[in-house]
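The model shown is predicted, which means the values in this text are computed figures rather than measured ones.
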Amino acid sequence: MKKTLLGSLAAALSACALFAATEITVTPDREMPLYPCGASAVFTVSVKDAGKLVTGGSFNIKMGVFGGQDISVTPVDLAKGNPVTVSGTLKEPGFILVTASGLSGAGAAQAGAGFEPEKIQLGNPLPDDFMKFWEDGRAALAGDTVHLEKLDAYSTEAHTAYAVTVDVLHGEKLYGFLAVPAGAGPFPAYVQVPGAGPGQNAPLTEWAKKKVIALNMNVHKYPVVTGDAKKTKQLYDDYAAKIRYPLDQADNRDKYHFRNVILGVDRMVNAVAAMPQWDRKHFVTDGSSQGGGMALVLAGLNKYITAAAANVPASCDHGGKTFNRQPGWPNLASKGEAAVKVSAYFDAGNFARSITCPVFISAGFIDTTCPPSSVYAAYNQIKSQKVMFNMPTVGHATVKPYTDRKNPWVDSQLGLGQALPPPPLSAKRAEAGADAAARPRAR
């Protein structure tokens, strides 16, 4: 899927092949495609070549629930009309996805619509021993389990950088980086987990330059090659050829890959919080996709986190199949019934139930990796100050309109800028994101 927010709503909704001569667009009947359950969402599908309507060719328009059943499949004969309209609805809260594809010389185009998404409930119940499971794991990691090695190549008079190693369970280790501003402080703190893939190979020194203690932790249990993206990528490719890490031992809650990830990152957050340089007021977690899911996890698990930003977060609504919804990446339900039971302990939505700090979260309406229904299922569990940044034209991506709103908010939550919540967007700017569902108060 093309990961660029295009200049207009109609253009953005058409995920056309880069060099396709013919362009399909799918446009909903409102700039912010949110509807009451039972209402009709109407989509106009047009096909143009060099700006002119095409009068020949055929394709299909499929409308369905993300990862679920088709609502309709409409054959289109352009000789009989162009543009054409299709409509659909949901009786229960959720999202539909419209895909126009199959036309020779053109790529596919998509659009999404939500129906009372603020009422979507999490598919996974909260296990009775949810917090006990995690507190037991945290207790097992207490003590001298954090190790720092100074990185001279990334250290300056203004800050010191370290390679981080955390001893986790079963003799494994977790790795990352830490950058600490020079001086006694006090400084705010920031923690980030990257999206899925090779991970990060260097400390976040740009934050340290702004007088912020910066922690970034990878999810892999082998060290990256510091400063060498190519070798880090090769390590990841070799590892991924043997183990599909997001689903590794997903049927065993004690040994599932992300147990040690969550515990290791949490342990390192506690270590930073124990540093005398930390200001005891500001500790922001921020991430996208895999990192967005981890931001929700940390905000729900760790009392030191004071704000969280989560872009198209993963690991949400693992039990969504119960309600005919597609779970978010990595879709633990695909590993069978035992993994479904385990997934409740790793569902970011279950961690979200315990969040007490402000949260800034986003959902892409055409995101087939972390569907908007999965994001809303987690978002709806948050009882603290929160804002949803709806992105009707966006798939699984980090886009400038989101970062333009999120970055100043993160700065304010770190105490670096004016303590203002992200202002709501007008309907006329829906192509850049939606009106905020709620406005968090500054803290």
Checklist entry - Only one of Phe133, Phe346, Phe130 clears ring-ring contact (aromatic ring centres under 6.0 Å, His included) with Phe351; which? => result Phe130
Item to check | Check: Ala39 main-chain N/O paired with Thr89 side-chain donor or acceptor under 3.5 Å | outcome: yes
Next on the checklist: Could you go through His396 and Ser289, starting from their C-alpha distance and side-chain angles, then the distance that decides it, and tell me whether this counts as side chain to side chain donor-acceptor pair (under 3.5 Å)?
Outcome noted: CA-CA 8 Å; His396 195 64; Ser289 191; 2.7 Å; yes
Item to check | Donor-acceptor pair, side chain of Gln200 and main chain of Pro194, under 3.5 angstrom | outcome: no
Checklist entry - With Phe283, which of Phe187, Trp278, Tyr304 fulfils ring-ring contact (aromatic ring centres under 6.0 Å, His included)? => result Trp278
Checklist entry - Is a side-chain N or O of Asn380 found less than 3.5 angstrom from the main chain of Pro117, in a donor-acceptor match? => result yes
Checklist entry - Quick one: do Arg253 and Asp129 make a salt bridge, cutoff under 4.0 Å? => result yes
Next on the checklist: Quick one, Phe177 with Tyr154, criterion ring pair (Phe, Tyr, Trp, His ring centres under 6.0 Å). Give me CA distance, side-chain angles, the key distance, then yes/no.
Outcome noted: CA-CA 11 Å; Phe177 300 94; Tyr154 290 90; 7.4 Å; no
Checklist entry - Which residue pairs satisfy the ring pair (Phe, Tyr, Trp, His ring centres under 6.0 Å) criterion with at least one member in residues 206-240, sequence neighbours excluded? => result Tyr190-Trp207, His220-Tyr222, His220-Tyr236, His220-Tyr239, His220-Tyr245, Tyr222-Tyr239
Checklist entry - Looking at OG of Ser315 and CZ of Phe258, how far apart are the two atoms once the value is rounded to the nearest 0.5 Å? => result 5.5 Å
Next on the checklist: Using a 3.5 Å distance criterion without hydrogens, assess whether the side chain of Gln381 forms a donor-acceptor pair with backbone atoms of Ala377.
Outcome noted: yes
Item to check | Counterpart residues, side chain to side chain donor-acceptor pair (under 3.5 Å), relative to Asn270 (two or more places apart) | outcome: Asn302
Checklist entry - Hey, does the side chain of Asn350 reach the backbone of Ala344 with a donor-acceptor pair shorter than 3.5 angstrom? => result yes
Item to check | Audit row: Glu206, Lys209, salt bridge (Lys or Arg N to Asp or Glu O under 4.0 Å) steps and yes/no | outcome: CA-CA 5 Å; Glu206 65 272 20; Lys209 292 175 184 177; over 6 Å; no
Checklist entry - Judged by atom type as modelled, is there a donor-acceptor pair below 3.5 Å linking the side chain of Glu116 to the main-chain atoms of Cys37? => result yes
Item to check | Atom pair CZ (Arg138) and CD1 (Ile262), whose distance is rounded to the nearest 0.5 Å | outcome: 11.5 Å
Checklist entry - Of Gln192, Gln413, Lys406, which meets side chain to side chain donor-acceptor pair (under 3.5 Å) against Asp286? => result Lys406
Next on the checklist: Between Asp238 and Lys242, does any NZ, NE, NH1 or NH2 come within less than 4.0 Å of an OD or OE carboxylate oxygen?
Outcome noted: no
Item to check | Among Val191, Leu178, Val180, Val164, the one residue meeting side-chain contact (heavy atoms from CB on, under 4.5 Å) with Val272 | outcome: Leu178
Checklist entry - Just by distance, with hydrogens left out, do Asp167 and Thr145 show a side-chain donor and acceptor under 3.5 Å apart? => result no
Checklist entry - Can you check side chain to side chain donor-acceptor pair (under 3.5 Å) on Asp254 and Tyr345, steps first, answer last? => result CA-CA 10 Å; Asp254 293 322; Tyr345 293 90; over 6 Å; no
Next on the checklist: So which atom in Ile305 and which in Leu298 form the shortest heavy-atom distance, rounded to 0.1 Å?
Outcome noted: CG1-O, 3.7 Å
Checklist entry - Roughly how far apart are Lys62 NZ and Asp70 CG, rounded to 0.5 Å? => result 5.0 Å
Checklist entry - Can the ring centres of Phe360 and Tyr402 be said to be less than 6.0 Å apart? => result yes
Item to check | Distance-only donor-acceptor check, side chains Ser343 and Asn124, under 3.5 Å | outcome: yes
